Amino acid sequence: MALTQAATWERELLISTRNTSLMLTAGEGEPLKFAYYGDRIEACERNRVHDAWIGLNKDAYPVFGTTCNFAHAMQVTHADGNMTLDLAVSDVSRESTERGEHVSILLKDRKYPFELTAHYNALYDEDIIESWIEVVHREKKPVVLYRFDSSYMPIRRGDVWVSHLHGAWTAETMLTSEPLNNGLLEIRNTDGARNAHYAHPELMFSLDGCPSENSGRVIGAVLCWSGNYSLRVDSDNSQVHHFFAGMCSEASYYKLAQGESFVTPKVAYTYSDRGLGGASRNFHRWARNGMVHGGDKQRDILLNSWEGVYLDVNEADMVQMMEDFAQMGGELFVMDDGWFGDKYPRKKDNTSLGDWVVDNNKLPQGINYLIEKAHENGIKFGIWIEPEATNCVSELMEKHPDWALQVDGRKVRYGRGGTQMLLDMTNPDVQDFVFGVVDDLLTQYPDIAYIKWDANVELFNYGSTYLPQDKQSHIYIDYHRGLEKVLQRIRAKYPDVVLQACGGGGGRAGYGVMPYYDEFWVSDNTDAVQRIYMQWGASYFYPSIAMAQHVSASPNHQTGRSVPLKFRFDVAMTGRLGMELQPKDMTAEELEFSKRAIADYKLIRPIVQLGEQYRLVSPYDKKGVASLMYVSSDTSQAVFFAYKMEHFTNMNVQRVRMDGLDADKTYKITELNVPLDKQPCHLNGKVFTGRMLMNTGIELALNSEYASRVFLLEAQQDYK
Ligand code: DGJ
């Protein structure tokens, strides 16, 4: 990118999208200052920002050194031991891109040959501004980076609330909202490998008090990094909350050689004055436009074998499951864990990872036979792998014991099954191996249409036999850089295979990897009631098209709860619908209902997967009901979902007001997924104006425990 001539740029740099603006003050030879982020302003208003004292005049990227009493985004130690930075604007470049504008500001240290470029990439239609930094130096010996956040943003204090996700295995993406007060709030995750179980590197700031779905100003931020991270909101006694986001620097100081460039992951910001829902829809659009692989392609309805047979994969069951699912109208079958291992067959979860060859005892006619059977039944075939992991009982570990992360002279700490280890993704040979797992499968079986890529072990043993001793502190970062290299190679060669990111449930749900994966597994917990909460939380940042949601057996295997099949379908249908059970255990009525539900989902699939989402009544508000809807981009069609979350006699369930419709259009309601023994409800076939549906709302008549409703809304021509 060509840099403009010195001082030819405008001092007040306005970076805008359709509805938002970010303003920086970039005086040559001065520190780069952050002035403003929010509602779009025009070039002629730039000075007004300062006149009105709205400009925050904070360092745009605070570094440690000469203002070290404040929180900072970067701290380094120079080759000579000096621990300070003092950066001044040296150059600015502005470049139009297909989707907006890329602004880069070159900052140079006043004393050392150390440069930092601050990047801002504005995506006009999405109302997203991506921000990251890049550093490089010409010092004689390595410079050590001790803190290296991607981005900083000051948020004006007031009645500011923050919403973010927390959880655990089988309880991922639960939502928390809290007012910001004094002190430090840190959202971090140090799993090392799957960094989305316990927290998420995303948050939303509601600037006008208690968060609301459809009103108030909101700033959202998403760090696109799959490894350890730290998001900090430092609220000191100044007028702002200081927000920092980046890779976690703990045990990760990074030695940067002369001329080597260190690029941080990006943070995507959005701003909306339409509440949390507006900010979410911006993130969803951004995701569908490239941050989720294949984000504009509708997804197949699949059956996954895991909760149906667990590790007891066998040919007869696989064929029978495919036949049964095809009868129901399914489109894809995924054979989960348990299909592989020759010398060490995968009978339990304590062997065989790493040995990606078919177990001929379980599948005597091999995978091609299963693919043929799938095709005979008119469906596609997919397969499970966990390529970043191995068991100590495996042929792989016999051949390459040094490929697993391990600490010389210390006992290995094992994960799942008491034997599982993580491969050393910093090692290019291991990267080749992991690429080869996918490449070999897709070369040998080109008709595999879908791969579930699992990751069931955390990074326990902080030691790499590949990295030199003085670079062991690079493991956390270089692991994920290695993973990304492999994913890039896979996507370059196999752009069309559908990849699921699974991290022992939702551990790999993150924008660090989603540009390479088509979807993520939300959670190993398939209980429909708990899923309502988890899916709601995930929807703050992720679009429905990326969320794998499966109907499983009742009682549920994780919670033991029994809920009607209709409720289970109605919950799973708000994302990428799938099933995860043994169809031969279902009754004839259940099979018939499922067949109809799948047919109904095909009707609404484009609206759910590609439409705009409106969250209506939150399960977290404990109002006895939860509700959400999707609206097609031309507002001609919508799908409405509602769930009874609690049930008491004479219970007052509130009227639900819709959102996102065209007030002036009239919509006909058709109830979907009606139980075989029931009549559609009172609203079926009725026509209402969008105005009435949004302003007055509808009565739901949810009169039993775990009652639920799905309505298709279709705009009517010439209705009077
Ligand atoms: C964890 C995943 O989340 C499950 O869906 C399943 O694939 C198992 N691993 C298989 O071991």
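Counting starts at 1 for both ligands and their atoms, following the listed order. What you see is a predicted model; the values in this text were computed from it and never measured.
A heavy-atom cutoff of 4.0 Å around ligand 1 is satisfied by the protein residues Trp306, Asp336, Asp337, Trp384, Arg416, Lys452, Asp454, Asn456, Cys502, Gly504, Gly505, Trp521, Asp524.
Between Leu487 atom CG and Lys485 atom NZ the span is 12.5 Å, to the nearest 0.5 Å.
Checked against the 6.0 Å centroid criterion, the rings of His550 and Trp306 do not qualify as a close aromatic pair.
The side-chain hydrogen bond (donor to acceptor under 3.5 Å, both in side chains) analysis of residues 360-370, with sequence neighbours excluded, yields the pairs Glu315-Gln365.
With sequence neighbours left out, Lys584 forms a salt bridge (Lys or Arg N to Asp or Glu O under 4.0 Å) with Asp317. Contacts of Glu307 classified as salt bridge (Lys or Arg N to Asp or Glu O under 4.0 Å), with partners at least two apart in sequence or in another chain: none.
The environment of Lys602 atom NZ is dense: over 12 non-hydrogen atoms of other residues, nucleotides or ligands sit within 6.0 angstrom.
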